[in-house]
Amino acid sequence: MHTKAGKDVDVKLAGDTPIRGVTLDDVSDIKPGSYIGTAAVPQPDGTLKALEIHVFAPSMRGTGDGHRAWDLGKNSTMTNGTVGDLVTSNGRTITVKYASGEKKIVIPADVPIVSLAPGDRSLLVPGAHVVLFAKKEADGSLAAVSVSAGKNGVVPPM
């Protein structure tokens with residue numbers, strides 16, 4: 001694998017490592033009841049401003065449920081949950097509800113929105129853009145925990 005930093009690294013991929021396909025989506029595909037994940041940053045009014053949004057396939061509902069710190073930028077967070085309210089009259093604002101609370105998220109017009117759906121190894125072709133979460137094994141090697149691969153040239157925004 002070739003990292004964003006330009007380094008080549010070897011990562012083990014087990015037979016049962018989850019692989020997700022990433023396709024482009026649109027804000028109109030986000031509906032009340034959709035299960036999403038959004039990297040965001042806090043705003044002075046207490047809302048969060050989305051940096052990217054991932055719309056999960058129904059079979060992936062519950063993935064990463066909650067709100068936590070994230071590494072996309074200073075003070076960034078990740079919130080995964082179910083879309084409740086959706087307001088489009090004064091910009092685009094959604095309420096994302098998760099097991100221990102909820103957050104109001106403002107979606108700027110330029111925010112990348114993608115869908116994540118279960119995929120398979122056929123997505124892992126030379127040149128495909130992937131986001132890979134890995135863990136360090138006892139021997140120092142890296143093992144994939146999950147892989148999200150862009151379909152048809154899509155570059156995952158993560």
From CA spacing to verdict: side-chain hydrogen bond (donor to acceptor under 3.5 Å, both in side chains), D65, Y35 | CA-CA 9 Å; D65 192 73; Y35 191 83; 3.3 Å; yes
Closest contact, heavy atoms only, [X] versus [Y]:
X    : Y    : result
S76  : L51  : CB-CD1, 4.3 Å
K49  : P108 : CG-CG, 3.6 Å
V114 : P157 : CG1-CD, 3.7 Å
T82  : R61  : OG1-NH1, 3.1 Å
L48  : Q43  : C-CG, 4.2 Å
V106 : T47  : CG2-OG1, 3.8 Å

State, yes or no, whether a side-chain contact exists between [X] and [Y] at a heavy-atom distance under 4.5 Å.
X    : Y    : result
V27  : I107 : yes
V83  : I36  : yes
P18  : P118 : no
T79  : Y98  : yes
V130 : L124 : yes
H54  : S148 : no
I53  : I30  : yes
H129 : P156 : yes

Roughly how far apart are N80 CG and H67 NE2, rounded to 0.5 Å?
->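 Interatomic distance, N80 CG to H67 NE2, rounded to 0.5 Å: 11.0 Å.
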Between CG on residue L116 and CE on residue M60, distance to nearest 0.5 Å =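 If I round to the nearest 0.5 Å, the distance is 5.5 Å.
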Using the ring of each side chain (for Trp, its six-membered ring), is W70 parallel, tilted or perpendicular to F133, with breaks at 30° and 60°?
->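 Tilted, since the angle between the ring planes falls between 30° and 60°.
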More than 12 non-hydrogen atoms from neighbouring residues, nucleotides or ligands closer than 6.0 Å to [atom1] on [X], yes or no?
X    : atom1 : result
D45  : CG    : yes
N152 : CG    : no
K136 : NZ    : no

Between V55 and I113, is a side-chain contact (heavy atoms from CB on, under 4.5 Å) present by the stated rule, with each step listed?
-> CA-CA 7 Å; V55 181; I113 300 171; 4.2 Å; yes
Could you walk me through whether K151 and T23 pass the side-chain hydrogen bond (donor to acceptor under 3.5 Å, both in side chains) check?
-> CA-CA 6 Å; K151 286 179 137 180; T23 56; over 6 Å; no
Shared hydrophobic cluster, V9 / L13 (ILVMFWY, side-chain heavy atoms < 4.5 Å) |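 Yes, same cluster.
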Could you go step by step and tell me if K103 and K97 meet the side-chain contact (heavy atoms from CB on, under 4.5 Å) rule?
-> CA-CA 7 Å; K103 296 289 182 188; K97 299 178 181 185; over 6 Å; no
Looking at K12 and D139, does any basic side-chain N land under 4.0 Å from a carboxylate oxygen?
->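 A salt bridge is present here (some side-chain N lies under 4.0 Å from a carboxylate O).
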Run the side-chain contact (heavy atoms from CB on, under 4.5 Å) check on R20 and T63 step by step: do they pass?
-> CA-CA 12 Å; R20 300 174 181 123; T63 301; 4.0 Å; yes
I19 vs L123, side-chain contact (heavy atoms from CB on, under 4.5 Å): CA-CA, chis, key distance, verdict | CA-CA 8 Å; I19 298 172; L123 296 171; 4.3 Å; yes
